[in-house]
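These numbers were taken from a predicted model, which means no experiment stands behind them.
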Amino acid sequence: MKIHNIFPLTIVHDKIEISEEERAKLVDSIFSSHAQSNLKHNPENAWTGDVHGFEFLLKQPDFNNIASLISKKIFEYLKVLSINTETIDLYFQRSWATITDKEQKITFHTHSQSNISFAYYLLKPTNSGGIVFRSSDPANAISKNIFVRDKLEKGLLETNPYNANEAIFDTEQDSILIFPSKSSHGTMPNKSGKKRISISGDVSLMLKDSKGFEHL
């Protein structure tokens, strides 16, 4: 018997290492933005700068270096998909910081307005929670809602790589994850007692020469 897994969702997991001096400067800048935020948010959820008026983080001068490094990683992601990067420019629609405090999390969502999204972990204490990707329509779902938690609890099935509809990446500090924006994702609760800080963004692909192309 042969098993063929086809039509994958490809997520790049890589690292961007910066100096501790640069990290401290970026963290201070993000905390400053947080202090200026006047909008209230659900204390169970992380603070996200994009909905508090700080949605162009990577355009700030202090973030020039990390923006350049992230762009390079995105181009590497495109090469994995065999996209000719010489024909493409990246347009950062928005970029923001997320501060996740004790027991906070981010609920499942998508970024359907863009092509590529990313999350870079500027501060990532141990046990501060990983990112979770979820499929609302698993390709192997032979019956509607067969791969859901209550079916596991009732003994109908056991989880294996062929029927899982969630994947957890408990990354380390300086990790970056790059993925299609349409992918449903959220985060696990922060159990560390320390703040987790990530930098995220939404990117659109723009053709340098659109002649003969309907899209991009």
Side-chain angles (χ1 to χ4, degrees), residues 1-15 41-48 50-51 73-74 76-83 93-94 96 98-121 124-173 175-192 196-205:
M1 181 177 67
K2 293 184 178 180
I3 297 173
H4 300 281
N5 290 309
I6 59 176
F7 308 128
L9 169 64
T10 301
I11 298 170
V12 160
H13 179 190
D14 207 343
K15 295 198 78 173
H41 74 284
N42 187 337
E44 295 182 0
N45 296 331
W47 178 89
T48 56
D50 56 327
V51 297
K73 294 300 181 183
I74 293 174
E76 291 177 10
Y77 173 77
L78 294 176
K79 289 177 181 178
V80 170
L81 301 181
S82 294
I83 294 174
Q93 291 186 357
R94 57 185 189 144
W96 65 95
T98 298
I99 302 175
T100 307
D101 215 332
K102 185 178 180 181
E103 298 296 335
Q104 291 181 337
K105 62 182 180 178
I106 299 174
T107 56
F108 282 97
H109 62 286
T110 64
H111 300 236
S112 56
Q113 79 284 355
S114 58
N115 302 131
I116 294 171
S117 295
F118 63 86
Y120 167 69
Y121 291 90
K124 183 66 168 60
T126 303
N127 296 323
S128 60
I131 185 170
V132 187
F133 292 89
R134 172 186 288 176
S135 173
S136 59
D137 185 22
N140 286 338
I142 55 178
S143 176
K144 185 176 181 181
N145 294 328
I146 191 171
F147 300 146
V148 294
R149 191 174 302 277
D150 75 305
K151 305 301 190 300
L152 292 168
E153 295 171 349
K154 294 175 181 177
L156 177 65
L157 74 158
E158 296 180 358
T159 300
N160 71 21
Y162 307 122
N163 63 30
N165 69 339
E166 290 186 356
I168 301 174
F169 294 79
D170 194 5
T171 58
E172 298 177 346
Q173 187 164 288
S175 293
I176 182 170
L177 290 171
I178 306 171
F179 50 92
S181 297
K182 63 183 180 181
S183 307
S184 179
H185 58 285
T187 65
M188 301 293 288
N190 182 352
K191 300 290 186 179
S192 70
R196 181 182 74 226
I197 297 181
S198 59
I199 296 174
S200 297
D202 293 330
V203 179
S204 290
L205 306 183

Hey, could you give me the CD/CG distance between Glu158 and Leu156, rounded to the nearest 0.5 Å?
11.0 Å
Looking at His13 and Ile11, would you say the former's side chain and the latter's main chain have a donor-acceptor pair under 3.5 Å?
no
Under a 3.5 Å distance rule, please check whether Ser181 uses its side chain to pair with a backbone N or O of Ile116 as donor and acceptor.
yes
Going by the side chain to side chain contact (heavy atoms under 4.5 Å, CB included) test, name the single residue among Thr98, Ile131, Asn45, Val132 that passes it with Ile106.
Thr98
Does Val203 reach the side chain of Ile178, with side-chain heavy atoms less than 4.5 Å apart?
no
Side chains of Ser117 and Asp202: is there a donor and an acceptor less than 3.5 Å apart?
yes
Flag for Arg196-Thr100: side-chain donor and acceptor within less than 3.5 Å:
yes
Going by salt bridge (charged side-chain N to carboxylate O under 4.0 Å, His left out), name the pairs with one or both residues in residues 133-143, residues two or more places apart or in two chains.
Arg134-Glu166
For His185 and Phe133, take the angle between the two ring planes, folded into 0 to 90°, and tell me which bin it lands in: parallel under 30, tilted 30 to 60, perpendicular over 60.
tilted
Sorted by chain and number, sequence neighbours left out, side-chain contact (heavy atoms from CB on, under 4.5 Å) with Glu172 holds for Lys15, Ser175
How about Ser183 and Thr110: do any of their side-chain heavy atoms sit closer than 4.5 Å?
no
Report yes if some heavy atom in the side chain of Ser200 is under 4.5 Å from a heavy atom in the side chain of Trp96; otherwise report no.
yes
Is the number of heavy atoms from other residues, nucleotides or ligands under 6.0 Å of Lys182 NZ greater than 12?
no
Separation between NE2 of His109 and OG1 of Thr107, rounded to the nearest 0.5 Å
7.5 Å
Checking the side chain of Asp150 only, and the main-chain atoms of Glu153 only, is there a donor and an acceptor separated by less than 3.5 Å?
no
Please round to the nearest 0.5 Å and tell me the distance separating atom CE of Met188 and atom CG of Asn127.
11.0 Å
Heavy-atom donor-acceptor pair, Asn163 side chain to Asn160 backbone, under 3.5 Å
yes
Leu152: which residues meet the side-chain contact (heavy atoms from CB on, under 4.5 Å) condition with it, sequence neighbours left out?
Leu157, Thr159
Taking all non-hydrogen atoms of both residues into account, name the closest pair between Phe108 and Ser184 and its distance.
CD2-OG, 3.8 Å
Does the side chain of His111 reach to within under 4.5 Å of the side chain of Arg94, using non-hydrogen atoms?
yes
Please report the closest heavy-atom contact between Ile197 and Ile99, naming both atoms and the distance.
CG1-CG1, 4.3 Å
Can you find a heavy atom in the side chain of Asp170 that is under 4.5 Å from one in the side chain of Lys124?
yes
In Å, rounded to the nearest 0.5 Å, how long is the span from CG of Asp14 to CD1 of Ile176?
8.0 Å
In short, salt bridge (charged side-chain N to carboxylate O under 4.0 Å, His left out) pairs touching residues 108-119 with sequence neighbours left out are none
Tell me the closest heavy-atom pair linking Pro138 and Ser135, and the distance in Å.
N-OG, 3.3 Å
Can you name the residues that form a ring pair (Phe, Tyr, Trp, His ring centres under 6.0 Å) with Phe118, not counting sequence neighbours?
none
Quick one, Ile83 and Tyr77 - any side-chain contact, counting heavy atoms below 4.5 Å?
no
Main-chain N/O of Tyr162 paired to Asn140 side chain as donor or acceptor, under 3.5 Å:
yes
Tell me which pairs pass salt bridge (charged side-chain N to carboxylate O under 4.0 Å, His left out) where either residue lies in residues 98-117, with sequence neighbours left out.
Asp101-Lys195, Glu103-Lys191
Could you verify whether a donor N or O on one side chain and an acceptor N or O on the other, from Gln93 and Ser114, lie under 3.5 Å apart?
no
